[in-house]
Structures are given as C-alpha cells and as structure tokens.
Amino acid sequence: MVEAQTWTTRRMSNPRLLTLDTNDQLLDIPATPPSDQRNNNNHHHHLNNIGSNNLLTTSLIIASWYFSNIGVLLLNKYLLSFYGYRFPIFLTMLHMLSCAAYSYAAINLLQIVPFQQIHSKKQFLKIFALSAIFCFSVVCGNTSLRYLPVSFNQAIGATTPFFTAIFAFLITCKKETAEVYLALLPVVLGIVVSTNSEPLFHLFGFLVCVGSTAGRALKSVVQGIILTSEAEKLHSMNLLLYMAPLAALILLPFTLYIEGNVFAITIEKAKTDPFIVFLLIGNATVAYLVNLTNFLVTKHTSALTLQVLGNAKAAVAAVVSVLIFKNPVTMMGMTGFGITIMGVVLYSEAKKRSKGASH
C-alpha cells in the first residue's frame, strides 16, 4: 500500500516506584484523609489505571503490527519459494479478496470506523488508479520473494524514502532541503554495498523488488495528491474497502493469462495436501491484519512512530528470516543493510526538522 523512537510510544512519566525498606518492621498507617481528599486520590488512582491500560493497549497493538508484518513476509516466502506454490499474482489476488471481506466486516458489522460513500465518478477513477499502482507494487513484491531472500528483499524495501523523494519532485515539483537529500545518499550507498555482496543475488528478482519499492513510493505520493480535498478524503480503512475489490478485479485477468489454470491447480493440490488451504487462508488473513494494525498504530501513536517502527521492522524481519530459512549472509551485506537503515533514520530526522522549520 503503509510511521517515537522507542517501544514505549506514549508521552507519559514513569509511575513512581514505591520502595519498602526491609529493615522496617512496622509501617506507620496514616490517618484517614477527609472525604474530598479521598475522592481526589481515587480520581488519581483511576487516571493511573487508564494510563496503564492505554500503555498496555498500545504495546499490544505494536506487537500485533510486528507479528502481522513479519508474518506475512515469512508466509509469502515459504509459500512461493519453499512450499512450491509459484503463483504470486493469484496469491496477491487472494490477499485483496481477504482485505475486501474483512474491511466490510470491520466497517459495516463491527463499525470500527464510520462507513463513507464514493461521491463521484471522478473520485472512483482516482481510487481505481490507486488500486492499479497498489497491484503493481504488491505483485512485484511477492514475485521478488520467489527469487530473493527476505533479508535482501527488506534491504531494498528500506529505500522507499529515496523513491518517494524522486516522485514527489517529478510529480509535484516539491523540493526538499539539502539536508534531506544528503540523508538519502547512505540509503542508496547501503543497497549498492548489499547488492555487490549478496550471495543469492538474482537480477530479475532484484528488478521486480526495486519496481515494488518504487510502486509503494508512487502510491503514497499519488494518494497524497488525489485524496487530499475534504470532499474526497477517505479514511484509510474505507479506502482499503474500495481499493481491495478493484485490485482483485484488475489482477484476475493477469493471473488467468500468466499463471494459467491456477484455480484448478490449487483445488487439486488441496485434495492431496489440505494444509495448503490453511496456509492460504492464514496468509490472506495476516495480509489484512497488516493493514488493520497499520491504522491502529497510527491512531494510538502517530504516523512518525509507524515510520520509525517500519525501519526497525526491516531489520527484525531480516534477522528472523535468516534464522528460519538459513539463507547465507555476508558481513559486507549486513554492513550495507545497516548503512541503508541508518540513512532512513537520518532521512526521517531531516524531514522532521525541515517540517519544523517550515512551520
């Protein structure tokens, strides 16, 4: 489609730690406070409970976001590379159908957010254009996992800010400060270093992964342009509700033309190995959870927090994938990945400073 520097994202002071000296055998019991003071104490106690609950909720949401993001990457990799289910377009279409069904349930049945209608044909065409870019990005990303390890895939994906800056300049003529552009140099340098030392480098996989990263950046720029007016502004979950079925419709002819009789192949495979059904349903469900938790993290923290967590997620996903799939890594490759992540962090800080200066 898609961001506090620490796990504790809420701006709240640490609760005072009450320590008890073990040498004290007797505790002085204070006199009973007046009723208004008791009420005041109860009020503070209630507020502390609310603060603790909010912190716990935010932590659980962030943990869910990590689980779903890394989970969908690993499941895609397992299905496409190790399990032998080599249908990335059909897999993406299943993701889109899942997002459509779960979005409908979340909005119309659970009423997590209010339902918004499309107001005009022009707005529909804009959403359709976004869906097409979204399809291109996700299909390219899933296809790259057939040929590249997750660690290298994530290293390339971390260059999204570089492509975002390029598209923002080309489409909107928006110029960033020199500091922001300088911060992008290590982003690119890190990928050059990683690419030169990647043991499992695959040219086609590399190109489609770069295409996926560029598509993700283009989508964010286009989305910022075409849905900014108050009349056409859609909530992210409503936008997904409309984009997902359109994306599935776009992908249908491509999966039939490129991947052949994939429906019959999947049914035949399910007859001999029912585990594929659980894999596909689980994979599609986790794909929706990525979008849901993206929204929830932004709601409970901020867009900047999501961005910072995204930078850390790339590194965590790379480490987890190496541990699970045992793909070889080199010291130079790890260094390159580290340089890219450092560049992304510098870019985020430079963007924050430039926004602060403009305001």
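Owing to the predicted nature of the structure, the values given are computational and were not obtained by experimental measurement. Along the sequence shown, residues carry numbers from 1.
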Does Phe87 form a side chain to side chain contact (heavy atoms under 4.5 Å, CB included) with Ile265? I'd like the steps, not just the answer.
CA-CA 10 Å; Phe87 306 109; Ile265 294 167; 3.9 Å; yes

Polar side chain donor-acceptor pair, [X] to [Y], under 3.5 angstrom:
{"X": "Thr266", "Y": "Tyr85", "answer": "yes"}
{"X": "Ser68", "Y": "Thr293", "answer": "yes"}
{"X": "His95", "Y": "Asn283", "answer": "yes"}

Could you give the distance from [atom1] ([X]) to [atom2] ([Y]), rounded to the nearest 0.5 Å?
{"X": "Leu256", "Y": "Phe90", "atom1": "CG", "atom2": "CZ", "value": "9.5 Å"}
{"X": "Asn153", "Y": "Leu148", "atom1": "CG", "atom2": "CG", "value": "6.5 Å"}
{"X": "Met96", "Y": "Leu91", "atom1": "CE", "atom2": "CG", "value": "9.5 Å"}
{"X": "Leu125", "Y": "Lys121", "atom1": "CG", "atom2": "NZ", "value": "6.5 Å"}
{"X": "Lys219", "Y": "Ile133", "atom1": "NZ", "atom2": "CD1", "value": "9.0 Å"}
{"X": "Leu296", "Y": "Asn291", "atom1": "CG", "atom2": "CG", "value": "11.0 Å"}

Should the heavy atoms of other residues, nucleotides or ligands under 6.0 Å from CE of Met237 be counted, would the total exceed 12?
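Enclosed.
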
Does atom OH of Tyr257 have more than 12 heavy-atom neighbours from other groups under 6.0 Å away?
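Check fails, neighbour count at 12 or below.
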
Flag the pair [X] / [Y] as yes when at least one side-chain heavy-atom distance between them is below 4.5 Å, and no otherwise.
{"X": "Val329", "Y": "Phe152", "answer": "no"}
{"X": "Ile156", "Y": "Thr340", "answer": "no"}
{"X": "Phe206", "Y": "Thr195", "answer": "yes"}
{"X": "Leu80", "Y": "Thr143", "answer": "no"}

Mind telling me whether Phe295 and His235 have parallel, tilted or perpendicular rings, with 30° and 60° as the class edges?
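Aromatic pair His235/Phe295 classed perpendicular.
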
Looking only at the aromatic ring of each residue, does the gap between the centers of Phe325 and Tyr78 stay below 6.0 angstrom?
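No: the rings miss the under 6.0 Å criterion.
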
Under 3.5 Å donor-acceptor, Thr213 side chain and Cys209 backbone
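Checked: pair present.
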
Restricting to non-hydrogen atoms, name the atom on Ala158 and the atom on Val344 that form the minimum distance, rounded to 0.1 Å.
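Smallest interatomic distance, heavy atoms only, reads O-CG2, 3.1 Å.
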
Any Lys/Arg nitrogen of Arg86 or Glu259 sitting under 4.0 Å from an Asp/Glu carboxylate oxygen of the other?
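Looking at Arg86 and Glu259, the cut-off is not met.
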
